[in-house]
Amino acid sequence: MDIGLINQLNGRPSGSAPPPTWATISERARVAESVGFDMFVFEDALLYRGKEHTNGLWESVSIAGALASTTETIRFGQSVVNSPYRSPAMVASIATTLDEISGGRYVLGIGAGNTEDSDYEAFGFPTDHRYSRFAEAIQIIHSLLKTGRAEFAGEYYKVNQSQLVLRGPNPTGPPINIAAGGEKMLTLVARYADQWNWWGWDETLPQIEERLRPILDTLERACEVEERDPGSLTHTFDLYSVLAPGFDADHGMTQPVSGTPEQIAEYILALGAMGFEEVRCDVWPKTVDAIAAMEPVIDLAARA
């Protein structure tokens, strides 16, 4: 079982907590690496507009490049790249460049995009036909990363004799991890992804299992239709509700994953029994001490 750490790139100067800086992000990555986290993931967005406040975000590709050169062993990447932000051929070029800089540690998490439109409209990105746009984009990205070439003319994207002449250390590119929960998107997972990602917040294990069972069944059927071995698809899960052992925090949850290291590890391992090989934890409070406190949880999960 691999354990990842979820990290935020958003904030505002007048917020209740200090906004993230490169210094605090890089410190979190160093501590996560030192205590044994396998994966360091972060968001890809540009604005979060609320009723009273707006949070901004550091641009995630720039952060990924900095992490690639300042970490040594931990894998990293966006939990979900917002596909409409960047042309698909550019996404493939970015991914293989980060693969090169990091020595093969970058993972391309990607999806059709946010359901909120505030940052799309603010930065001039299209908000319509997200599934159809993504279906074209992922075909181009997959072809470029897996073969180094793509030729495609669709309704939304077109590439003409596109090539990745320089490739990173992975001969078929960095892993593609698609976030998806709907039937059409899960078909794209079965067709193009190396990994699949979904998420949970403030739920008991029975609640998660009840919610995910139909999704897992749909994904398995999609693999059958695509004549793909379901076991060839790595399952990853973003767990947005982990309270580090020995800590309390204002987390807004009614049933966080909390308790002793053994109890937290038991919860994570139960997700493993559902078929998830990697669980990424959003650890509360948002401090490096809380990250360090997760070390015995990581050790227990690794030994199981």
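Scope of the values below: all heavy atoms of this structure, side chains included, with no hydrogens, waters or symmetry mates.
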Step by step, work out the ring pair (Phe, Tyr, Trp, His ring centres under 6.0 Å) result for Y240 and W284. CA-CA 9 Å; Y240 285 98; W284 296 75; 9.7 Å; no

Say you draw a straight line from [atom1] of [X] to [atom2] of [Y]; how long is it, rounded to the nearest 0.5 Å?
{"X": "I25", "Y": "F40", "atom1": "CD1", "atom2": "CZ", "answer": "7.0 Å"}
{"X": "M1", "Y": "R303", "atom1": "CE", "atom2": "CZ", "answer": "15.0 Å"}
{"X": "L5", "Y": "I298", "atom1": "CG", "atom2": "CD1", "answer": "8.0 Å"}
{"X": "E72", "Y": "R105", "atom1": "CD", "atom2": "CZ", "answer": "8.0 Å"}
{"X": "S143", "Y": "L145", "atom1": "OG", "atom2": "CG", "answer": "9.0 Å"}
{"X": "H53", "Y": "S14", "atom1": "NE2", "atom2": "OG", "answer": "6.5 Å"}

For the residue pair [X] and [Y], what are the closest heavy atoms and their distance?
{"X": "F237", "Y": "G200", "answer": "CZ-N, 3.3 Å"}
{"X": "L47", "Y": "A122", "answer": "CD1-CB, 3.8 Å"}
{"X": "W198", "Y": "A179", "answer": "CZ3-C, 4.2 Å"}
{"X": "H235", "Y": "L233", "answer": "CD2-O, 3.2 Å"}
{"X": "P245", "Y": "T260", "answer": "CB-C, 4.4 Å"}

Counting only heavy atoms not in [X], do more than 12 fall under 6.0 Å of its [atom1]?
{"X": "E227", "atom1": "CD", "result": "no"}
{"X": "E226", "atom1": "CD", "result": "yes"}
{"X": "E266", "atom1": "CD", "result": "no"}
{"X": "M90", "atom1": "CE", "result": "no"}
{"X": "Q163", "atom1": "CD", "result": "yes"}

Could you walk me through whether I6 and F42 pass the side chain to side chain contact (heavy atoms under 4.5 Å, CB included) test, one step at a time? CA-CA 6 Å; I6 296 172; F42 40 94; over 6 Å; no

Is it true that [Y] and [X] share a donor-acceptor pair across their side chains at a distance under 3.5 Å?
{"X": "N177", "Y": "N197", "value": "no"}
{"X": "E33", "Y": "T73", "value": "yes"}
{"X": "T24", "Y": "R28", "value": "no"}
{"X": "S241", "Y": "D202", "value": "no"}
{"X": "T234", "Y": "D194", "value": "no"}

Kindly work out whether a path of hydrophobic side-chain contacts (I/L/V/M/F/W/Y, heavy atoms less than 4.5 Å apart) joins [X] to [Y].
{"X": "V189", "Y": "I138", "result": "yes"}
{"X": "I291", "Y": "V242", "result": "yes"}
{"X": "I110", "Y": "L186", "result": "yes"}
{"X": "F123", "Y": "F134", "result": "no"}
{"X": "Y48", "Y": "L46", "result": "no"}

Is the shortest distance from a Lys or Arg side-chain nitrogen in [X] or [Y] to a carboxylate oxygen in the other one below 4.0 Å?
{"X": "E151", "Y": "R149", "value": "no"}
{"X": "D2", "Y": "R75", "value": "yes"}
{"X": "E220", "Y": "R213", "value": "no"}
{"X": "D128", "Y": "R133", "value": "yes"}

Run the numbers on Q78 and D44 for side-chain hydrogen bond (donor to acceptor under 3.5 Å, both in side chains), then give the verdict. CA-CA 6 Å; Q78 297 90 338; D44 182 43; 5.1 Å; no

Check against side chain to side chain contact (heavy atoms under 4.5 Å, CB included), V257 and L239: CA-CA 9 Å; V257 181; L239 183 60; 4.2 Å; yes

With side-chain hydrogen bond (donor to acceptor under 3.5 Å, both in side chains) as the test, would you mind laying out the steps for Q255 and Q207 before giving the verdict? CA-CA 11 Å; Q255 43 197 14; Q207 288 171 333; 2.8 Å; yes

[X] side chain near [Y] side chain, heavy-atom distance below 4.5 Å:
{"X": "L57", "Y": "P20", "result": "no"}
{"X": "I74", "Y": "D38", "result": "no"}
{"X": "Y267", "Y": "L205", "result": "yes"}

Qualifying residues under ring pair (Phe, Tyr, Trp, His ring centres under 6.0 Å), relative to Y106, sequence neighbours excluded: F76

Going by ring pair (Phe, Tyr, Trp, His ring centres under 6.0 Å), name the residues that satisfy it together with F125, two or more places apart in sequence or in a different chain.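 F125 satisfies ring pair (Phe, Tyr, Trp, His ring centres under 6.0 Å) with Y85 only.
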
Please evaluate residues E27 and K286 with respect to the criterion salt bridge (charged side-chain N to carboxylate O under 4.0 Å, His left out), reporting the C-alpha separation (whole Å), side-chain torsions for both, the decisive distance (0.1 Å), and the verdict. CA-CA 12 Å; E27 183 184 21; K286 306 296 184 180; over 6 Å; no

For W199, is the NZ or CZ atom of R211 found under 6.0 angstrom from the centre of its six-membered ring and inside 45 degrees of the ring axis?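 Geometry flag: set, cation within 6.0 Å and 45°.
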
Might you work through the side chain to side chain contact (heavy atoms under 4.5 Å, CB included) test for L166 and T96, ending with a clear yes or no? CA-CA 8 Å; L166 298 178; T96 198; over 6 Å; no

side-chain contact (heavy atoms from CB on, under 4.5 Å) with H142: which residues, sequence neighbours excluded?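 Partners of H142 by the side-chain contact (heavy atoms from CB on, under 4.5 Å) criterion, ordered by chain and then number, come out as K146, I176, Y192.
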
